[in-house]
S.K.: 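Structure below; questions to follow.
Whatever order the structure lists them in is the order used to number ligands and atoms, beginning at 1.
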Amino acid sequence: MFSQKVVDNLRNSSAIRAMFEEGARLKREFGEANVFDFSLGNPDPEPPERTLAALRELVEKSPRGLHGYMNNAGYADVREKIAAQLSRMGGTPLTEDNVVMTCGAGGALNVILKALLNPGEEVIIFSPFFVEYKFYTENHGGVPVIVPSRESGFLPDLDALEARINAKTKAVILNTPNNPTGVAYPRELLAGMESVLQKKGGQYNTVIYLISDEPYRDIVYDGVRVPCVLEIFQNALIGYSFSKSLSLPGERIGYVAASGRIEDCRTLCDALVFANRTLGFVNAPSLFQRLIAESLDDKVDINIYQERRDLLYGHLTGLGFSCVKPGGAFYLFPKSPLPDTAAFKQMALKHKIILVPGNGFGCPEYFRLAYCVSTETIRNSLPAFTALAKEAGL
Ligand code: PLP
């Protein structure tokens, strides 16, 4: 009756939402302050004050046409500013024609995949991965191919990558800093990845595109620098989002940028604009395009996240949890102390801790904690983690 595929996916894909619902139920029963909900990557800090001030000014002035349609790619002057910023970062010149404004990174990835994929072509995804990649790929007739990262440190395994590339491989999705691990990949690894893509592309006489999903590019700690993929990969497409860097996830604003070094980039960019239109996004929200043009140099206070990371990571590792120290984003991905992560999740619920088991991310032995919650929630949760660790035998 309904789409069989969607109904099947529904059954397998609702782990994060299910935990969120469970959290809502517990909060009703025990009160907000007594439940420690680490399920969703929904930023707790408000947008930067300058961004909010620029928003107020925009709305107040309400220049004529502010709420109208524009080119499906977005406002040319906004794209030009983004192109200039990326040109500075990547050392390769981009113009507004290389940039398409989108409804967040989710919109960006769907636009890219629609523009690139022919039926049956393969998209490589490193596990652990952002849950939606598989569905986004399948949305456009692609086949997701999961390549496990190295367990120690969760860095992509280039030998495994090379082994899985074949004549049908169309793209590789990269996400650094990573959801769910928080790991930021070093430049040398990315350079090595480009060598693999060039070598295998040459072998099969194809182009393998690098899709860089970058919602966490600006959320990094301890002086970590996220290299610009435009500098490293010839066939790079960036999907950026202001959801996390400006705490605007509900406003749906981001962009795609395509490297000028891609062969026939003009046709690809036209295809991106066509995809933005015909997927029904039509264009990214006009008010927030205008706001972004004023806020490109702003971001939320990263120190807040770093403090939360230090607090939670320090406490958990002190208790004996095994966990890679995140260099960015706002997730911890510790190993479950019980072989059965579902049982551990249930045990955590007894302590009013909501976590997400790793199976949805392709790593069933781990669990994710999203620490984009208030510092107070984290502080209050520490005794609950201590009790949980004890019960789990750590
Ligand atoms: N990619 C990753 C890795 C994410 O974690 C998220 C959201 O959490 C997205 C994409 C989607 O972000 P957006 O709100 O910009 O669509």
S.K.: Below a 4.0 angstrom heavy-atom separation, can you tell me which part of Pro215, side chain or backbone, both or neither, approaches ligand 1?
M.R.: side chain

S.K.: Is the contact between Tyr133 and ligand 1 made by the side chain, the backbone, both, or neither, using heavy atoms and a 4.0 Å cut-off?
M.R.: side chain

S.K.: For residues 122-134, run the donor-acceptor check on the side chains, cut-off 3.5 Å, and write out each pair with its distance to 0.1 Å, sequence neighbours left out.
M.R.:
{"from": "Glu122", "atom 1": "OE1", "to": "Asn166", "atom 2": "ND2", "distance (Å)": "3.1"}
{"from": "Tyr133", "atom 1": "OH", "to": "Asp213", "atom 2": "OD2", "distance (Å)": "2.4"}

S.K.: Side chain or backbone, does Ala105 bring an N or O within less than 3.5 Å of an N or O on ligand 1?
M.R.: yes

S.K.: Using atom types as modelled and distance alone, determine if a side-chain donor or acceptor of Glu138 lies under 3.5 Å from a backbone N or O of Phe135.
M.R.: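 Side chain of Glu138 to backbone of Phe135: no pair is present.
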
S.K.: Write out the residue and atom name of the closest protein heavy atom to atom 1 (N) of ligand 1, then the distance separating them to 0.1 Å.
M.R.: Asp213 OD2, 2.5 Å

S.K.: Starting from atom 6 (C) of ligand 1, what is the nearest protein heavy atom, named by residue and atom, and what distance separates them?
M.R.: Phe130 CZ, 3.4 Å

S.K.: Would you say Ser243 and ligand 1 have an N/O pair spaced under 3.5 Å apart?
M.R.: yes

S.K.: Classify the ring geometry between Tyr371 and Tyr221 as parallel (under 30°), tilted (30 to 60°) or perpendicular (over 60°).
M.R.: tilted

S.K.: Counting both backbone and side chain atoms, is some N or O of Tyr136 under 3.5 Å from an N or O of ligand 1?
M.R.: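 Looking only at distances, the answer is no, because the N/O contact criterion of under 3.5 Å is not met.
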
S.K.: Need the ligand 1 atom indices (1-based, order shown) with element for anything under 4.0 Å from a heavy-atom of Ser241.
M.R.: 13 (P), 15 (O)

S.K.: Under the criterion salt bridge (Lys or Arg N to Asp or Glu O under 4.0 Å), I'd like the reasoning laid out for Arg56 against Glu60: C-alpha separation, chi angles, the key distance, then a yes or no.
M.R.: CA-CA 6 Å; Arg56 279 192 292 271; Glu60 201 136 287; over 6 Å; no

S.K.: In terms of relative ring orientation, are Phe385 and Phe38 parallel, tilted or perpendicular, with 30° and 60° separating the classes?
M.R.: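 Geometry flag for Phe38 against Phe385: tilted rings.
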
S.K.: Is there a polar contact between ligand 1 and Gly106, counting only N or O atoms under 3.5 Å apart?
M.R.: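 N/O-N/O distance under 3.5 Å: yes.
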
S.K.: With under 30° as parallel and over 60° as perpendicular, where do the rings of Phe367 and Phe344 fit, or are they tilted in between?
M.R.: tilted

S.K.: Between Phe242 and ligand 1, find which residue part has any heavy-atom pair under 4.0 Å and reply side chain, backbone, both or neither.
M.R.: neither

S.K.: Can you list the ligand 1 atoms lying under 4.0 Å from a non-hydrogen atom of Asn179?
M.R.: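 Result: 3 (C), 4 (C), 5 (O).
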
S.K.: Would you please name every residue forming a ring pair (Phe, Tyr, Trp, His ring centres under 6.0 Å) with Tyr313, sequence neighbours left out?
M.R.: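 Checked Tyr313 against ring pair (Phe, Tyr, Trp, His ring centres under 6.0 Å); zero matches.
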
S.K.: Return the residue, atom name and 0.1 Å-rounded distance of the protein heavy atom closest to atom 16 (O) of ligand 1.
M.R.: Arg252 NH2, 2.7 Å

S.K.: Mark yes or no for whether Asp340, through its side chain, and Ala343, through its backbone, hold a donor-acceptor pair below 3.5 Å.
M.R.: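 Indeed, once roles are kept as given, a pair shorter than 3.5 Å links the two residues.
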
S.K.: With heavy-atom distances below 4.0 Å as the criterion, list the atoms of ligand 1 near Asn175.
M.R.: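 By the 4.0 Å cutoff, the relevant atoms are 3 (C).
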
S.K.: Give a yes or no answer on whether the side chain of Arg308 reaches the backbone of Val373 with a donor-acceptor pair at less than 3.5 Å.
M.R.: yes

S.K.: Please work out whether any backbone atom (N, CA, C, O) or any side-chain heavy atom from C-beta onward of Lys244 is under 4.0 Å from ligand 1, and answer side chain, backbone, both or neither.
M.R.: side chain

